[in-house]
K.L.:
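Quick one: the structure is below, and I'll ask about it shortly.
Naming: A, B, ... by sequence-line order, numbering from 1 per chain.
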Amino acid sequence: MNDHAPLLPPSADAETRRAAVYLVMSQIPPGKVVSYGELAAMAGLGRAARWVGRLMSQLPDDTTLPWHRVIAAGGRLSLPAGTAAGHEQRVRLRAEGLTIVNDRVDMRRHGWHSTEHSG
DNA sequence: AATGAGGCAAAAC
DNA sequence: CGTTTTGCCTCAT
């Protein structure tokens with residue numbers, strides 16, 4: 001149907017958009033994950049999926065945002081386990097009860113937009 | 001059906 | 001304008 005139009009106008013200050021991303025990110029419930037594209041669209045950034053990823057990279061180490069709940073589309077973990085962030089992401093996600101298999105998680109089960117119609 | 005790998009395009013700083 | 005991005009999608013096995 002209609003695409004998720006940008007909630008924020010392009011005139012919004014960069015800081016405002018950033019806040020939108022942080023806000024949506026903080027809204028991600030535990031045990032669930034969202035893709036960069038979804039997060040970007042939710043924040044009103046449109047298709048700035050990649051930009052969202054970079055934004056996380058800029059996040060401070062003491063950030064309280066659940067950046068580890070943000071993964072690639074389809075529930076794929078883009079962060080390699082060889083990296084500190086990648087390793088921590090897996091550790092945190094597993095701590096939430098997620099089942100990571102082959103760097104992938106069941107988006108239909110842990111995805112924020114879970115199609116969990118059976119419970 | 002699921003997994004692995006590569007190529008392509010958009011948005012923002 | 002040039003650089004950068006933790007991507008998304010499609011194809012092949």
Side-chain angles (χ1 to χ4, degrees):
Chain A
M1 294 309 198
N2 53 352
D3 297 330
H4 296 262
L7 304 170
L8 299 170
S11 304
D13 292 338
E15 192 174 347
T16 301
R17 297 185 197 159
R18 207 174 302 169
V21 176
Y22 293 145
L23 178 66
V24 177
M25 199 197 292
S26 66
Q27 287 284 32
I28 302 172
K32 305 238 177 166
V33 293
V34 250
S35 71
Y36 299 91
E38 291 287 319
L39 180 60
M42 278 178 175
L45 296 171
R47 298 173 174 166
R50 286 171 256 179
W51 183 76
V52 172
R54 179 156 69 98
L55 196 65
M56 298 190 168
S57 168
Q58 292 197 334
L59 283 175
D61 293 340
D62 58 349
T63 184
T64 58
L65 295 169
W67 61 270
H68 60 269
R69 291 187 196 147
V70 186
I71 59 177
R76 288 153 107 194
L77 292 170
S78 52
L79 276 74
T83 65
H87 175 70
E88 188 159 327
Q89 185 175 42
R90 290 184 180 183
V91 173
R92 291 198 182 196
L93 289 174
R94 286 178 116 182
E96 302 239 342
L98 273 122
T99 305
I100 301 173
V101 180
N102 300 337
D103 296 340
R104 239 165 278 193
V105 300
D106 289 345
M107 224 208 180
R108 300 189 272 220
R109 181 181 164 107
H110 302 297
W112 197 358
H113 306 281
S114 62
T115 52
E116 138 181 48
H117 43 73
S118 56

K.L.:
Looking only at side-chain atoms of A:Ser78, point me to the closest of C:dG7, B:dT3, B:dA12.
P.N.:
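Of the options given, the side chain of A:Ser78 lies nearest C:dG7.
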K.L.:
Report the hydrophobic cluster partners of A:Val91, with the cluster defined as I, L, V, M, F, W, Y residues connected by side-chain heavy atoms closer than 4.5 angstrom, directly or transitively.
P.N.:
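When side chains under 4.5 Å apart are linked, A:Val91 ends up in no cluster with other residues.
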K.L.:
Walk along nucleotides 8-13 of chain C from 5' to 3' and tag each nucleotide B, S or - by protein heavy-atom contact under 4.0 Å, base first, then sugar-phosphate.
P.N.:
SB----
K.L.:
Any link between A:Ile71 and A:Ile28 through a network of hydrophobic side chains (Ile, Leu, Val, Met, Phe, Trp, Tyr) touching at under 4.5 Å?
P.N.:
no
K.L.:
To check you understand the geometry: which heavy-atom pair defines the closest contact between A:Ala72 and A:Ser78, and what is its length?
P.N.:
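Where A:Ala72 meets A:Ser78 most closely, the heavy atoms are CB-CB, 4.4 Å.
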K.L.:
Rounded to whole angstrom units, what separation is found between the CZ atom of A:Arg18 and the C1' atom of B:dA11?
P.N.:
14 Å
K.L.:
Heavy-atom contacts under 4.0 Å between residues 52-65 of chain A and DNA chain C, which residues?
P.N.:
A:Gly53, A:Arg54, A:Met56, A:Ser57
K.L.:
Contact between A:Met56 and A:Leu39 at the side-chain level, heavy atoms closer than 4.5 Å - yes or no?
P.N.:
yes
K.L.:
Nearest whole angstrom, please: distance from the C1' of B:dC13 to the CZ of A:Arg17.
P.N.:
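Nearest whole value for this atom pair: 11 Å.
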K.L.:
Taking the side chain as every heavy atom from C-beta outward, state whether A:Leu59 and A:Tyr22 have any pair of such atoms under 4.5 Å apart.
P.N.:
yes
K.L.:
Please give me the minimum heavy-atom distance between A:Pro66 and A:Ser26, naming the atom from each residue.
P.N.:
CD-CA, 4.0 Å
K.L.:
Tell me, which stems hold DNA chain C, with a stem being 3 or more Watson-Crick or G-U pairs in a row and both distances under 3.5 Å?
P.N.:
B:2-8 with C:7-13, B:10-13 with C:2-5
K.L.:
Starting at CG of A:Asn102 and ending at P of B:dA5, how long is that distance when rounded to a whole Å?
P.N.:
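After rounding, the gap between these two atoms is 11 Å.
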K.L.:
Check every atom of B:dA11, B:dT3, B:dA2 against the side chain of A:Arg104 and return the nucleotide holding the closest atom.
P.N.:
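The answer is B:dT3, which lies nearest to the side chain.
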K.L.:
Applying the 4.5 Å side-chain criterion to the ILVMFWY set and letting contacts propagate, would A:Trp51 and A:Trp67 be lumped into a single cluster?
P.N.:
yes
K.L.:
Within residues 88-97 of chain A, which residues have any heavy atom lying less than 4.0 Å from an atom of DNA chain C?
P.N.:
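Output list: empty, so none.
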K.L.:
Starting from A:Met25, can I reach A:Leu77 by hopping between I/L/V/M/F/W/Y residues whose side chains sit under 4.5 Å apart?
P.N.:
no
K.L.:
Using whole Å, report how far CG of A:Asp106 lies from C1' of B:dT3.
P.N.:
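Computing the A:Asp106:CG to B:dT3:C1' distance gives 14 Å.
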K.L.:
Is there a path of hydrophobic side-chain contacts, each under 4.5 Å between heavy atoms of I/L/V/M/F/W/Y residues, joining A:Val33 to A:Leu65?
P.N.:
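As far as the 4.5 Å side-chain criterion goes, A:Val33 and A:Leu65 are not connected within one cluster.
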K.L.:
Restricting to non-hydrogen atoms, name the atom on A:Ala49 and the atom on A:Ala40 that form the minimum distance, rounded to 0.1 Å.
P.N.:
N-CB, 3.8 Å
K.L.:
Hydrophobic clusters here meaning ILVMFWY residues chained together by side-chain heavy-atom distances under 4.5 Å, can you tell me if A:Leu79 and A:Val105 are in one?
P.N.:
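Unlinked, A:Leu79 and A:Val105 end up in two clusters.
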K.L.:
Determine which pairs satisfy side-chain hydrogen bond (donor to acceptor under 3.5 Å, both in side chains) with at least one residue from residues 84-104 of chain A, sequence neighbours left out, and list them in order.
P.N.:
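Sorted pair list: A:Arg69-A:Glu96, A:Glu88-A:Arg92, A:Arg90-A:Asp103.
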K.L.:
Can you tell me how far the CZ atom of A:Arg109 sits from the NZ atom of A:Lys32, to the nearest 0.5 Å?
P.N.:
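It comes to 10.5 Å.
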